[in-house]
Amino acid sequence: MTVVSSSPDQTSPLKDRLRALGSALARLLAYGAGLLALLVVTFSALGIPPLEALSKLWIGAFGDSESGHLYNCSETIVQTAPLLMTALSVIIAWRTGLFSIGAEGQLLVGALAATAVGLHGGGLPGPLLTLVMLIVGGAAGAGWGWIAGWLRVRRNVQEVISTIMLNYVAVYLVRFMVEGPLQEKAHINPQSELLPSGALFAHILPRAWSNDIVTRLHSGVLLAVLAVPLVWLLLYRTEAGFGMRIIGQNAEAARTGRFPVDRLRLRAMILSGALCGVAGTVELLGVTGRLYANFSPGWGYTAIPVALLGGLHPIGSLFSALFFGALTAGTSNLNRFSGVSSVVGNVIQAAAVLAVVGARAWQARRTGNETD
Amino acid sequence: MNSVIPGTISSTITLATPLLLAALGENVVQKAGVVNVGLEGIMLCGAFAGMMATRPFHLPGFGPAESTTLGVAAAAIVGMVVALLFAAFAVKLAANQVVVGVVINLLAVGLTGTLYRALFGETGSFISIPTLPQWEVGRLAQRMAGGHLSLDVIALLEALLRHNALAYLAFGVVPLSLWWLNRTRGGLELRAVGEQPVAAAASGINVIRLRTCALLYGGLMAGIAGACLSVGDVGTFKEEMTAGRGFIALAIVTSGRWHPVGCLLAALVFGFAQALQFQLQASGFHVSAQLFLALPYVATLVILTMGGRLSQAPAALGRPYRKA
C-alpha cells in the first residue's frame, strides 16, 4: 500500500471546502432535528410521555448534575466503542461494494479465539498476553471474513447470504464452546472462566472522580478511536483504498481500469473481518472479562445503521456511533423507569436509516445523480 | 421399516414448506431484477401477524371465536404491506436494495419485539394458539385402496400426504410458477424487466409497476411463510423465531438457479438437513446440540459453494432502475 500524496480535495479552493463543511453541518443539524422528532413520535406511539422519556434518555446517556455526569458519559463511550469498530468494518466492506452483514459473526469468532488463547496462554506476562489475544482475535475475524470474500471471488456466492450463514455458524460455535471445551470449571453457566486479570484492559477513570462509583471506561476504547483515522487513511490515502472505492462505485469500470478487483475485494473482507475480531477482543478484555453464550447484543447488526447514518465515512460513523452509544446507554436507563424494552432502539435505528436513505435517494432522483 | 424414515420424510416436508413458500415468492422478485434481503423481516412480521390474528377473539353476537385461516390471511396482508414499504424505497426511490432490506429486517425485529413485549410482558408469557389442521389425504388414499395396503405403505403415505394446507399450497405453486414465468405474457414481461429493464421500458412495459407487483407477490408468500411457522407448525410466537429462514430462502433461490423446480429441490435439501438435525438429536446421538443447530447454515454454505458460477442470474439483478 503506497501512500498517494495528491488528492482532489487538497487542490480545491478554500471557499469550496468551507461550503462543503457548511452543508455538512446543515445536514447534521437536519438529521439531529429529524431524530428528535422521530424519538418523540416513537414514545408517543408507545404511550409514554415524550418529554419525560427524552429526559430519562438524556440522563441515561449523559447524567445530570445530581448524580454527576462522569458515570453516564463513560457508559455512553463504553457502548460506543464496539459499535464504532464494527461500523468501520462495515464501511470498508460496503465502500468496496461488498454488502457484508458478517460483522456479528466475525466479532464473535474473534472473541472466541481470543478467549481460547487467553485461557490457555500459559505464563505469558499480562501486556504480552493482551497483545497476543488482540492479534489472534483479529486474525480469527479476518479468517471469518476471508471465507465470505473467497466465496464471493472464487464461487460468486453473494456475500449478503454467506455472511449471514457464517454469523449463525459463529453464534452456535460460541455456544458450543462455552457449554463444552471452554466452559468454566464449575460447569454451571454457559460461560468461560475469567480471563487472567493481568491481560485485561485497565479502567481509565480514577474512582475518586466518580464518587466511588465503578466506571467501566477502559483503555481499549483508545483502540476504537485510533481505528477511525486508520480506516480513513486506508480508504482515502492509499492506492488499495482508492481501488476499493472505485470497485464500490462501479466494479465493471474498475475491471476495465485494470484494478485487481478480486484481490482488493478479498483484502476488504479480510480487513473488515480483522476489525470486528479486534472489536470482539476489546469488549472481552475491557468489559466482560469472559466469553459467554449471548456475548454480543447484536453489535454487528447495529453496525450497519451506524455506518449508513455516518454516510459510510469513518468520521461520520464516529458521530453516529456516539449517537447510538448514547441511545443504548439512555434506553437502559429508560428501561428501569418506564418498562420500555431495549428493542425500541431497533425501531428508532431503522426509522432513522430509512429517513436518511429515503432523503438521499429522493434527492438523487431529483438531480439525476447516482447514489451509493 | 421402522418409524425413522417416514418420520424424516414427514418433517422434511414440514420444514421445507415455509422455506419453499418464501423462496418461490423471492424467485419471482429476483426474476424481476430485485433482491429482497428483507425477506427475513417480512417472514417475522408474518409470523407475528399470524399469531395475533389466530388468537381467540370475541365476535359480537357469536361469542368467542378463533381462526387459523384469519391468521394466515393477516400474515399475507402484513407481508404485502412490508413489501410495499420495501418497494417504495428500493424501487420507487431506487435506493440500494441491500440497504433497504437490512433496514426492513431491523425494523421487523424491533417492531415485533416491541409489540410482543408491550402486549405479553417483558419476559414474554408463553402463548399457545391452535395450528392449521392436517389434511387427511393419506387416509383417503387408504380408503380408496380398500384396505389392501401394507403398514409400511400406509406410514409412507401418511408421511407424504398428511400435511396442512400451506404445504399443499407451497408444492402446488411450483408448477404454477413454472407455467406463469415461462408460458404467459406477464411472465415474459417480468423476465424482460429482470434482464433488460431499459429495453423493457422502451417496449412500453412499466418497469416500476411490474417490480412493485413482483415484490407484493413476494411479500404475500413470505408473510404466509411466516404464518407457516407460527400458525402452521409450532402454534406460538417467539421473538426472532424465523431464525434466519428468510436468508436460507434467499440461498434457496440462488442455489435453485432461479428455477421453481430448482427451488423445490433446494428447499427439500434444506428441509432434510433440518429434519436430520432433529432426528439425530432425538435419537440421542452424542454430539452437542449447538453443533447440530449450526448444521443447516453450514449446509447452506456448502451448497452455495458447490453451486458454481451463477450464469443463470437475471442480468439486472440488484440494480436499481431509474426512469430516463
Side-chain angles (χ1 to χ4, degrees), chain A residues 42 46-47 94 99 101 147-148 150-151 154-158 160-162 164-180 293 298 301-302 304-305 308 335 339-354 357-358 360-362 364-365 368 370-372, chain B residues 35 37 40 85 88-90 92-114 116-118 121-122 239 243-244 247-248 250-251 254 288-301 304-311 313 318 320 322-323:
Chain A
T42 313
L46 288 167
W94 285 42
F99 298 106
I101 309 181
I147 296 175
W150 183 85
L151 281 171
R154 292 267 173 272
R155 288 282 180 269
N156 207 8
V157 175
Q158 302 249 346
V160 177
I161 294 166
S162 65
I164 290 165
M165 296 301 132
L166 285 166
N167 285 351
Y168 282 104
V169 175
V171 166
Y172 290 116
L173 199 61
V174 166
R175 289 199 193 151
F176 165 70
M177 292 301 270
V178 296
E179 282 179 11
Y301 294 112
T302 315
I304 295 166
L308 286 171
N335 275 345
V340 180
S341 58
S342 48
V343 275
V344 172
N346 281 358
V347 181
I348 293 168
Q349 286 161 13
V353 177
L354 269 188
V357 168
R360 260 192 219 145
W362 189 64
R365 223 166 64 112
E370 290 278 315
T371 44
D372 51 309
Chain B
V35 180
V37 185
E40 173 84 2
L85 183 69
F89 282 92
K92 186 80 183 154
L93 289 173
N96 184 306
Q97 294 167 7
V98 178
V99 173
V100 181
V102 168
V103 174
I104 295 270
N105 290 335
L106 202 69
L107 195 66
V109 171
L111 269 183
T112 55
T114 306
Y116 179 72
R117 292 187 198 184
E122 193 71 20
E239 284 186 56
F247 297 117
I248 293 182
L250 279 168
T254 311
S288 162
Q290 308 294 354
L291 286 185
F292 269 117
L293 289 171
L295 202 65
Y297 307 104
V298 177
T300 310
L301 281 170
L304 285 176
T305 309
M306 296 189 307
R309 301 240 168 214
L310 307 166
S311 49
R322 284 182 190 81
K323 270 189 199 150

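Residue numbering restarts at 1 for every chain, and letters A, B, ... go by the order of the sequence lines. Bear in mind the structure is a predicted one, so any value in this text is a computation, not a measurement.
Distance check: Arg155(A) CZ to Leu301(B) CG gives 13.0 Å after rounding to the nearest 0.5 Å. Remark: Leu107(B) CG to Leu354(A) CG distance equals 6.5 Å, nearest 0.5 Å. Here the CG-CH2 distance, from Asn96(B) to Trp94(A), works out to 6.5 Å after rounding to the nearest 0.5 Å.
The part of Val102(B) that comes within reach of chain A is its side chain, from C-beta onward, which places non-hydrogen atoms under 4.5 angstrom from that chain. With a threshold of 4.5 angstrom between heavy atoms, Val298(B) approaches chain A through its backbone and through its side chain. Using a 4.5 Å cut-off between heavy atoms, Ile248(B) contacts chain A through both its backbone and its side chain. Contacts between Phe247(B) and chain A at a heavy-atom distance below 4.5 Å involve backbone atoms as well as side-chain atoms. For Ile101(A), the part sitting under 4.5 Å from any heavy atom of chain B is the side chain, from C-beta outward, and nothing else.
When each of Ile164(A), Val171(A), Val169(A) is scored by its heavy-atom pairs under 4.5 Å with chain B, the top score falls to Ile164(A).
Contact of the Trp150(A) side chain with the Thr305(B) side chain is registered, since non-hydrogen atoms from C-beta on lie closer than 4.5 Å. Under the 4.5 Å side-chain criterion, counting only non-hydrogen atoms from C-beta, Val99(B) is in contact with Leu308(A).
Considering all non-hydrogen atoms of both residues, Phe99(A) and Val98(B) come closest at CB-CG1, 3.5 Å. Nearest approach of Tyr168(A) to Gly244(B), heavy atoms of both residues: OH-N, 3.1 Å.
Tyr301(A) is linked by a side-chain hydrogen bond (donor to acceptor under 3.5 Å, both in side chains) to Asn167(A), counting only residues two or more places apart in sequence or in another chain.
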